[in-house]
Amino acid sequence: IALLPRHAVRLELQHGLRLDWQWLVQQLPSDQPEDLLLNHDYLSIAVQFDDGQDLTYLWSNSLPTGKVFRCPIPGWDQVETHVVQRTGRQQLGQWLSEQRDVYRDYRNIIQGPATRVVAVWLIANSLFNRGFGRCQFRHIAIGPEHRQQRILVV
């Protein structure tokens, strides 16, 4: 598992809070559904909240776009929720722009007591099937529209 250093932020969890990024996924680390423990190899961008919960937006080989599931790894299942941002192989090798309404996602999916976003980071896992994934990120920003905090600019 590659957990890149968390980029600390301190943003109020409010209407209009969004996460923007671009990614170039060239190879997915697994060709199996990532929602099962022995297939849980994935590439994602994650947002952590002040209640310890986090949302990770991943590109799945086969799970449908929009599918939400708790992390199947014991321990992580208590804090991490996955959202399938993209699925399939058709757009591999292309830079794609993404946007998520983090406030709405948190309220609809986690429904917890968080009041702030405290970190953003990238996760790559190929521990289970020992596959190989390849992904690049750029232009990561989080915050209300027109007042976003840039995390990664390339």
Side-chain angles (χ1 to χ4, degrees), residues 1-30 33-35 40-73 76-77 79-126 132-154:
I1 296 176
L3 297 172
L4 298 179
R6 292 181 179 163
H7 181 88
V9 296
R10 189 164 171 80
L11 295 168
E12 184 178 338
L13 185 57
Q14 62 183 342
H15 285 282
L17 181 73
R18 68 178 212 220
L19 175 68
D20 295 337
W21 75 95
Q22 292 180 357
W23 55 356
L24 169 66
V25 177
Q26 294 172 302
Q27 184 174 342
L28 295 169
S30 177
E34 299 86 354
D35 59 345
H40 195 56
D41 297 332
Y42 66 97
L43 305 168
S44 76
I45 185 168
V47 177
Q48 184 179 27
F49 303 91
D50 63 355
D51 63 355
Q53 295 294 308
D54 66 60
L55 286 170
T56 66
Y57 302 101
L58 65 89
W59 188 318
S60 174
N61 176 65
S62 59
L63 298 174
T65 300
K67 179 176 176 69
V68 174
F69 62 98
R70 291 296 270 187
C71 183
I73 300 173
W76 284 97
D77 60 339
V79 296
E80 188 168 79
T81 302
H82 298 286
V83 178
V84 177
Q85 180 70 18
R86 290 205 179 255
T87 192
R89 298 180 177 274
Q90 298 83 353
Q91 293 181 300
L92 292 178
Q94 300 174 39
W95 277 106
L96 299 171
S97 296
E98 307 288 3
Q99 184 179 91
R100 294 299 303 203
D101 183 325
V102 175
Y103 175 83
R104 185 172 60 211
D105 285 348
Y106 180 86
R107 293 294 175 226
N108 291 339
I109 297 168
I110 296 178
Q111 303 174 355
T115 59
R116 295 194 175 279
V117 171
V118 297
V120 175
W121 76 102
L122 307 176
I123 304 171
N125 183 34
S126 61
F132 178 79
R134 188 169 177 185
C135 181
Q136 297 175 58
F137 286 83
R138 67 182 184 192
H139 304 300
I140 300 172
I142 190 167
E145 190 173 6
H146 305 299
R147 293 183 299 148
Q148 288 189 306
Q149 185 176 35
R150 297 201 184 281
I151 295 171
L152 175 65
V153 179
V154 177

- Task: Return yes if some donor-acceptor pair links the side-chain N/O of Ser60 with the main-chain N/O of Thr87 below 3.5 Å, else return no.
- Result: no

- In short, Leu43 meets Ala124 closest at the heavy-atom pair CD2-CB, 3.8 Å

- Item | Test log, rule side-chain contact (heavy atoms from CB on, under 4.5 Å), inputs Leu24 and Phe137 | CA-CA 7 Å; Leu24 169 66; Phe137 286 83; over 6 Å; no

- Item | Side chain Trp59, main chain Arg89, donor-acceptor under 3.5 Å | no

- Query: Strictly by modelled atom types, are Gln148 and Asp20 linked by a side-chain donor-acceptor pair under 3.5 Å?
  - Reply: yes

- Item | Pairs meeting criterion salt bridge (charged side-chain N to carboxylate O under 4.0 Å, His left out) with involvement of residues 45-70, two or more places apart | Asp35-Lys67

- Item | side-chain contact (heavy atoms from CB on, under 4.5 Å) assessment of Asp105 paired with Tyr57 | CA-CA 11 Å; Asp105 285 348; Tyr57 302 101; 2.7 Å; yes

- Value rounded to 0.5 Å, distance of CG in Leu96 from CD in Gln22: 9.0 Å

- side-chain contact (heavy atoms from CB on, under 4.5 Å) between Leu17 and Asp101, worked out: CA-CA 6 Å; Leu17 181 73; Asp101 183 325; 5.7 Å; no

- Task: Please check if the distance between the ring centroids of His82 and Tyr42 is under 6.0 Å.
- Result: yes

- State, yes or no, whether a side-chain contact exists between Thr56 and Val83 at a heavy-atom distance under 4.5 Å. no

- Task: State, with a plain yes or no, whether a side-chain heavy atom of Trp76 is found less than 4.5 Å away from one of Val79.
- Result: yes

- Can you check whether Ile140 reaches Leu122 side chain to side chain, under 4.5 Å on heavy atoms? yes

- Message: So Val118 and Val9, do their side chains get closer than 4.5 Å, heavy atoms only?
- Response: no

- Task: List in chain and number order the residues that pass side chain to side chain contact (heavy atoms under 4.5 Å, CB included) with Arg107, two or more places apart in sequence or in another chain; answer none if no residue qualifies.
- Result: Leu13, Tyr103

- Does the side chain of Arg138 reach to within under 4.5 Å of the side chain of Trp23, using non-hydrogen atoms? no

- For Glu80, what residues pass the salt bridge (Lys or Arg N to Asp or Glu O under 4.0 Å) criterion, not counting sequence neighbours? none

- Task: Kindly indicate whether the side chain of Trp21, heavy atoms from C-beta on, has any atom under 4.5 Å from the side chain of Ile142.
- Result: no

- Query: How far does CD of Gln85 sit from CG of Leu19, to the nearest 0.5 angstrom?
  - Reply: 9.0 Å

- Message: Any non-hydrogen side-chain atom of Glu34 less than 4.5 Å from a side-chain atom of Asn61?
- Response: yes

- Message: Working to the nearest 0.5 angstrom, can you tell me the gap between Cys135 SG and Ile123 CD1?
- Response: 12.0 Å

- Message: Test side-chain contact (heavy atoms from CB on, under 4.5 Å) on Arg86 and Glu98; report intermediate values, then the result.
- Response: CA-CA 10 Å; Arg86 290 205 179 255; Glu98 307 288 3; 2.3 Å; yes

- Task: Quick one: pull up CZ in Arg147 and CG in Leu11 and give me the separation to the nearest 0.5 Å.
- Result: 9.5 Å

- Arg18 vs Glu145 side-chain heavy atoms within contact, under 4.5 Å: yes

- Query: Taking all atoms of both residues into account, what is the closest heavy-atom pair of Phe69 and Leu58, and its distance?
  - Reply: CZ-CD2, 4.0 Å

- Note on the structure: Of all heavy-atom pairs linking Gly88 and Leu28, the shortest is O-CD1, 4.1 Å

- Query: Is it true that the side chains of Arg134 and Gln26 contain a donor and an acceptor less than 3.5 Å apart?
  - Reply: yes

